[in-house]
Amino acid sequence: MAQVSSIAEEQTSTPISSSKSITLRIAKYNPKHDESSQFMEFSVPYEKWTTVLEAILEVKKHFDHSIAVRYSCRQATCGSCGMMINGKPKLACFTKISELNSNVITVEPMSNFPIIRDLAVKFEKLFDSHHKIKPYIIRDDSELESDEREFLQSPKEVEQYIQFANCIKCGLCNSACPTMATDSSFVGPQALAQAYRYVADSRDKGKDTRLKIIDESHGIWRCHFAGSCSQVCPKGVDPAMGIQLLRGYLLGFRS
Amino acid sequence: MTSDEHKEGIRGMANPRRYGIERVAYLLMRLSGLGLLAYFVAHIYETSNILRGQVGWDEFLELTQTTEGHIFLTVVIGMCVFHTVNGVRVMLGHGGVGVGKPGRPDYPYDPASQNYRHKIGIYSAIVLAAAAMMYGLAVMFGE
Ligand code: HEM
Ligand code: SF4
Ligand code: FES
């Protein structure tokens with residue numbers, strides 16, 4: 001069903017000055033009635049700054065409005081637009097065509113996530129795992145009395161967890177993880193990194209509760225420190241670091 | 001599209017080409033672990049030939065004196081050395097040693113856990129395994 005089309009200049013809303021174009025291959029698949037996914041091919045002009053998401057939206061606008069793609073912020077903040085771009089999980093809005101150094105760009109739905117349709121995947125399991133590790137400050141006196149101040153932290157205490165608080169729940173890490181590739185029950189790097197984010201927060205008192213939650217057969221021990229999660233994270237969260245530091249508590253290397 | 005969950009499966013798990021030397025080390029560690037386990041079982045069987053007395057023992061040992069036997073043992077040496085050296089690296093990493101310190105990341109967000117210390121560990125494991133294999137080959141074929 002490969003179909004090659006190109007955008008006629010007069011059809012576009014913005015004048016295209018670029019003479020450069022790439023072939024964009026988009027995976028089309030509807031689990032409800034398709035046997036397997038098919039690629040549709042489009043020739044898309046691009047500039048140095050054109051992102052993969054913009055190219056997909058251009059195709060949606062001019063050729064096939066039915067392409068399912070999830071996005072919102074277009075600035076690597078909402079975590080909606082993760083997909084496989086030339087075989088690796090990336091944010092479509094944060095990946096420029098020019099930096100891929102390829103004349104053909106293939107976009108597919110993110111691996112290790114069930115497909116809703118085309119490029120859109122289900123996030124339920126990611127959010128469930130995230131929720132499972134209790135992603136909030138736990139302490140007995142969490143409700144402030146009227147005459148009290150907020151819980152103070154020194155800049156040094158903030159440094160301990162702020163990196164992990166950058167997570168936008170995009171799921172790229174879970175998509176790159178080799179354990180996620182074969183184990184449906186694994187809690188995953190996203191949730192484990194968030195467990196560390198709260199354990200490392202000086203205001204939090206929920207360390208033991210969280211360590212108990214992740215200390216199970218499909219929990220933290222399934223991590224082999226392959227590091228792929230950290231290599232694909234678009235926000236510098238470095239889940240692999242958080243997971244090993246977290247495991248340090250369970251192994252008695254840290255307290 | 002093998003299943004509803006759209007997992008990459010064993011082929012994705014074992015693909016060493018996408019995520020750097022760390023993913024290569026991950027694969028080699030798994031393969032060498034399983035290889036050593038297989039060798040361990042075979043080794044128990046091999047040494048159990050002592051129950052057949054001196055003749056049985058010598059007969060079986062001849063298997064390792066062939067070209068194929070030498071090559072097989074060379075692979076075992078390589079797996080042993082890589083698995084041990086990389087195993088020490090992985091154990092340290094698992095304990096949170098050498099994985100970097102949390103901080104405020106800056107674009108392009110090079111992950112601190114994928115640092116030169118661990119890369120040196122991986123390359124050392126590969127180089128030492130290769131050196132041990134060459135030494136083994138020299139001893140076995142040089143007699
Ligand atoms: C001093 C020697 C050894 C050290 C330091 C070592 C260390 C390790 C470590 C740290 C792991 C976990 C790696 C990970 O988390 O991915 C591992 C896995 C493994 N090891 Fe060893 N090991 C040693 C010897 C052996 C021996 C002699 C055997 C076989 C009889 C063996 C068989 C395995 C197996 C089957 C695995 C699991 C592989 C997997 O599925 O990922 N190891 N080893
Ligand atoms: S840790 Fe990074 S890759 Fe994983 S969900 Fe959070 S932002 Fe995305
Ligand atoms: S559209 Fe929000 S992260 Fe890409």
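Every chain is numbered from 1 and lettered A, B, ... according to where its sequence line falls, protein lines coming before strand lines. Treat the numbers as computed from the prediction; the structure is a model and nothing was measured.
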Considering all heavy atoms of both residues, which atom of B:Gln114 and which atom of A:Ala226 are nearest to each other, and what is their separation? OE1-O, 4.1 Å
Is atom CD of A:Glu99 surrounded by more than 12 heavy atoms (other residues, nucleotides or ligands) closer than 6.0 Å? yes
Heavy-atom side-chain proximity of A:Pro234 to B:Tyr109 below 4.5 angstrom: no
Is the shortest side-chain heavy-atom distance between B:Glu22 and A:Phe225 below 4.5 Å? no
Using side-chain heavy atoms (C-beta onward) and a distance below 4.5 Å, is B:Glu8 in contact with A:Asn112? yes
Give me the atom names and distance for the closest heavy-atom approach of B:Gly9 to A:Thr182. C-CG2, 3.7 Å
Give a yes or no on whether B:Ile50 atom CD1 has more than 12 heavy-atom contacts from other residues, nucleotides or ligands under 6.0 Å away. yes
Please check if atom OH in B:Tyr135 has more than 12 non-hydrogen atoms from other residues, nucleotides or ligands closer than 6.0 Å. no
Rounded to the nearest 0.5 Å, how far does OG of A:Ser230 lie from CG of B:Asn115? 11.0 Å
With chain A, the option among B:Gly20, B:Gly103, B:Ala14, B:Ala25 that has the most non-hydrogen atom pairs under 4.5 Å is B:Gly103
Does A:Pro31 reach the side chain of B:Asp4, with side-chain heavy atoms less than 4.5 Å apart? no
So does A:Tyr136 have more than 12 non-hydrogen atoms from other groups sitting under 6.0 Å from OH? yes
Heavy-atom check, side chain of B:Arg18 versus side chain of A:Gln231, under 4.5 Å: no
Could you tell me whether the side chain of B:Arg104 reaches within less than 4.5 Å of the side chain of A:Gln163, counting heavy atoms only? no
Around A:Lys96, counting heavy atoms of other residues, nucleotides and ligands shown, do more than 12 lie under 6.0 Å from its NZ? no
Heavy-atom check, side chain of B:His6 versus side chain of A:Pro109, under 4.5 Å: yes
Is A:Tyr249 close to chain B through its backbone or its side chain, or both, or neither, when contacts mean heavy atoms under 4.5 Å? neither
The interface call for B:Tyr19 against chain A, heavy-atom contacts under 4.5 Å, is both
Aromatic ring proximity, centroids under 6.0 angstrom, B:His94 and A:Phe253: no
Got more than 12 heavy atoms from elsewhere within 6.0 Å of NE2, B:His43? no
Given heavy-atom pairs under 4.5 angstrom as the criterion, report whether the side chain, backbone, both or neither of A:Val237 touches chain B. neither
Looking only at heavy atoms and a cut-off of under 4.5 Å, which of A:Cys233, A:Gly236, A:Gly252 has the most pairs with chain B? A:Gly236
Please examine the side chains of B:Ser113 and A:Asp238, heavy atoms only from C-beta on, and report whether any two atoms are closer than 4.5 Å. yes
Can you say whether A:Phe113 sits under 4.5 Å from chain B via the side chain, the backbone, both, or neither, judging by heavy atoms? backbone
Portion of B:Arg17 that has a non-hydrogen atom of chain A nearer than 4.5 angstrom: neither
Are more than 12 heavy atoms from other residues, nucleotides or ligands located less than 6.0 Å from atom NZ of A:Lys134? no
Between B:Glu5 and A:Ser184, is any side-chain donor less than 3.5 angstrom from a side-chain acceptor? yes
Expected output: side-chain B:Arg23 to main-chain A:Ser228 donor-acceptor under 3.5 Å: no
Checking B:Val24 against chain A: side chain, backbone, both or neither under 4.5 Å from a heavy atom? neither
Would you mind checking which part of A:Pro239 comes under 4.5 Å of any heavy atom in chain B, side chain (CB onward), backbone (N, CA, C, O), both or neither? neither
